[in-house]
Amino acid sequence: MNVNPLAPRIFKPRQVQQMLNCGNTHFYKLVADKKLDLLKDGKSSFVTAESVERYLASLQPVNA
């Protein structure tokens, strides 16, 4: 996998919710189901870009 060194590797939960167009409940269900990796640094939470990509790749297209 080629990684762009300038691309963000972690995102705040709100950023991921905006990317996935989902709310808090669905976002934290994805975390609980281990579909997204949530990292903690003190009081701050982050989601890895890799887990977002992995989740999106796991989705099945409709009418495929």
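What's counted below: heavy atoms across the whole structure, side chains too, no hydrogens, waters or symmetry copies. The model shown is predicted, which means the values in this text are computed figures rather than measured ones.
Around NZ of K34, the count of heavy atoms belonging to other residues, nucleotides or ligands within 6.0 Å does not exceed 12. Residue-environment remark: NZ (K29) stays at or below the threshold of 12 foreign heavy atoms within 6.0 Å. Environment of CG in D33: crowded, with over 12 heavy atoms of neighbouring residues, nucleotides or ligands closer than 6.0 Å.
Taking every heavy atom of both residues into account, S45 and K12 meet most closely at O-NZ, 3.6 Å. Looking at every heavy atom in both residues, R54 comes nearest to K35 through NH2-O, 4.4 Å. What you find for A49 and F11 is that their closest heavy atoms are CB-CE1, 3.6 Å. When every heavy atom of S51 is checked against every heavy atom of D37, the shortest pair comes out as OG-N, 3.1 Å.
Annotation: side chain of L38 is not in contact with side chain of F46 (no heavy-atom distance under 4.5 Å). Residues P13 and Y28 form a side-chain contact, since some pair of their non-hydrogen atoms from C-beta on lies under 4.5 Å apart.
Note: the hydrophobic cluster containing L36 also contains M19 (ILVMFWY, side chain heavy atoms under 4.5 Å, direct or indirect links).
Checked options L30, I10, T48, V47; the residue passing with V16 is V47 (criterion: side-chain contact (heavy atoms from CB on, under 4.5 Å)).
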